[in-house]
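Residues: numbered from 1 along the sequence shown. All ligand and atom numbering here is 1-based and tracks the order in the structure. These numbers were taken from a predicted model, which means no experiment stands behind them.
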Amino acid sequence: MNIRLFKPSVGEEELANIREVFDRAWLGNGPMVVKFEEAWSRYIGCKISVGVNSATAALHLALTAFHFPEGKKVLVPAITFASTATAVLYNRLIPVFVDVDPETVSMDLDDLQRKYDKDCVAVIPVHNGGYPVPMDRLMGIAEKLNLKVIEDCAHCAGGGYKGKKLGTWGHIGCFSFEEKKCMTTGDGGMICSDDVDLIEPLKAYRWVGIDKDTWRRAKKASGLNENEAMHWHYEISVLGYKYNMNDLAAAIGLAQLEKLDKMNQKRAEIIEKYIDGIKELKSIKPIFPYEKRNGAYWYFGIRSHNRDELIIFLKNKGIATGVHFYPLTLQPLFKPYSKNCNNAERIWDQFITLPSHVDLTKSEIDYVICTLNEFYSR
Ligand SMILES: Cc1ncc(COP(=O)(O)O)c(C=O)c1O
């Protein structure tokens, strides 16, 4: 056995869309990106989406959209991937780490209110592993404290909370289509919002500050009825980045979006099998309380007091594992910003992520469950 932890699920539909891009021979930011952005807005139920090359870029630009004065503070959870907090530093803002709830591994909203001070301007809730932050409560707190809310939806494309899609609760939602995520474009990300005026300028920020994209200008560069000599003209008024999505990525994304609900359903079924298969094992439990109805969990994790021993045992049986996540407050870059995240720093060393991808077979899941049982019956 050699069971991967994550694996993108791609096939003929993605290849057909890529062929269309090849036939057009326009591989950069072009019509496929526009099509994907529009499809994404319809799927999520928002007014505007902007495709970028990662969720890291999406989070960076989402904060940039607000033009917060340098040195203001942004609340982020202690357990998340680096990008949630590096986006804050890229914008010359200060991350304030909020502890996690020990049961849900989700941002502790009581600690958020304790850590808040008058310099805080925004909060980035992370739906870690797809477990939703209670957005109704968070939005109430944010309104009271005048905080902008940027949802980090890197783990929950297609997920919802109380009947509303994650990514549409806050002022801006940021998604990841990196190869391991709920759906993929190879690498990619999406910024979405209902505030068109806030988000539209980000199209220049993702394209090195240029106010017109090359595809639109190229269309005007030739043609019988085109008698405009200035088709090449553009203006650079902001300091932008090379963060655009390209048509190859968007082509994959369009095919993946069609499959997203089915893939999320499949992942939910895998998680259900795991939960059922480990229920007699008193030494381990799911990393957080998976609730079927929310429907978009990126990974299945467990907690074990013998984590490292179990990781090695599984490795020797051909089963790959991971740890999501080592608290950022323990990382050298972020230590200067760390204060009282005791739950995060206490619980993380029990976390193990098990193989959780859509193409896992029943016999592979059974094998993982059997191997866990074998470990605990020694
Ligand atoms: C919580 C979280 N936010 C942001 C990111 C960044 O995503 P990307 O790889 O698309 O930049 C990740 C990536 O794993 C993540 O886990």
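In the vicinity of Thr80, heavy-atom distances shorter than 4.0 Å reach the ligand 1 atoms 1 (C). Those atoms of ligand 1 that come under 4.0 Å of a heavy atom in Thr56, given as number and element, are 6 (C), 8 (P), 11 (O). Of all atoms in ligand 1, listed by their number and element, those nearer than 4.0 Å to a heavy atom of Ser83 are 4 (C), 6 (C). Near Phe325, with a cut-off below 4.0 Å to any heavy atom, the atoms of ligand 1 are 16 (O). Of all atoms in ligand 1, listed by their number and element, those nearer than 4.0 Å to a heavy atom of Val126 are 1 (C). Those atoms of ligand 1 that come under 4.0 Å of a heavy atom in Lys181, given as number and element, are 12 (C), 13 (C), 14 (O). Each of the atoms 9 (O), 10 (O) of ligand 1 lies under 4.0 Å from some heavy atom of Glu178.
Linking Ile, Leu, Val, Met, Phe, Trp and Tyr whenever their side-chain heavy atoms come within less than 4.5 Å puts Val96 and Leu109 in one cluster. Leu239 and Leu61 fall into different hydrophobic clusters, where Ile, Leu, Val, Met, Phe, Trp and Tyr are joined by side-chain heavy atoms under 4.5 Å apart, directly or via other members.
Side chains of Asp101 and Ser106: a donor-acceptor N/O pair is absent below 3.5 angstrom, by distance only. In this model, a donor atom of one side chain and an acceptor atom of the other lie less than 3.5 Å apart for Thr56 and Ser83. Side-chain contact, Tyr161 with Asp136: a donor N or O sits under 3.5 Å from an acceptor N or O.
Both the backbone and the side chain of Ser54 come within 4.0 Å of ligand 1, judged by heavy-atom distances. In Lys180, neither the side chain nor the backbone holds a heavy atom less than 4.0 Å from any atom of ligand 1. With a heavy-atom cut-off of 4.0 Å, Ala154 touches ligand 1 through its side chain alone.
In Lys35, the NZ atom is not crowded: 12 or fewer heavy atoms of neighbouring residues, nucleotides or ligands sit closer than 6.0 Å.
Shortest contact from atom 5 (C) of ligand 1 to any protein heavy atom: Phe81 CD2, 3.6 Å. Regarding atom 16 (O) of ligand 1, its nearest protein heavy-atom neighbour is His155 NE2, 2.6 Å. Annotation: atom 7 (O) of ligand 1 to nearest protein heavy atom, Ala55 CB, 3.3 Å. Closest to atom 3 (N) of ligand 1 among all protein heavy atoms lies Asp152 OD2, 2.7 Å.
Residue Gly188 places a heavy atom less than 4.0 Å from ligand 1.
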- request: Take Trp207 and Tyr234, measure what ring pair (Phe, Tyr, Trp, His ring centres under 6.0 Å) needs, and give me the verdict at the end.
  value: CA-CA 12 Å; Trp207 185 233; Tyr234 55 78; 8.9 Å; no
- request: Mind running ring pair (Phe, Tyr, Trp, His ring centres under 6.0 Å) on His127 and Trp298 for me, showing each step along the way?
  value: CA-CA 10 Å; His127 306 296; Trp298 171 44; over 10 Å; no
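Taking the centre of each ring, Tyr290 and Phe300 come in below the 6.0 Å mark.
By the 6.0 Å and 45° rule, Arg303 does not stack over the aromatic ring of Phe288.
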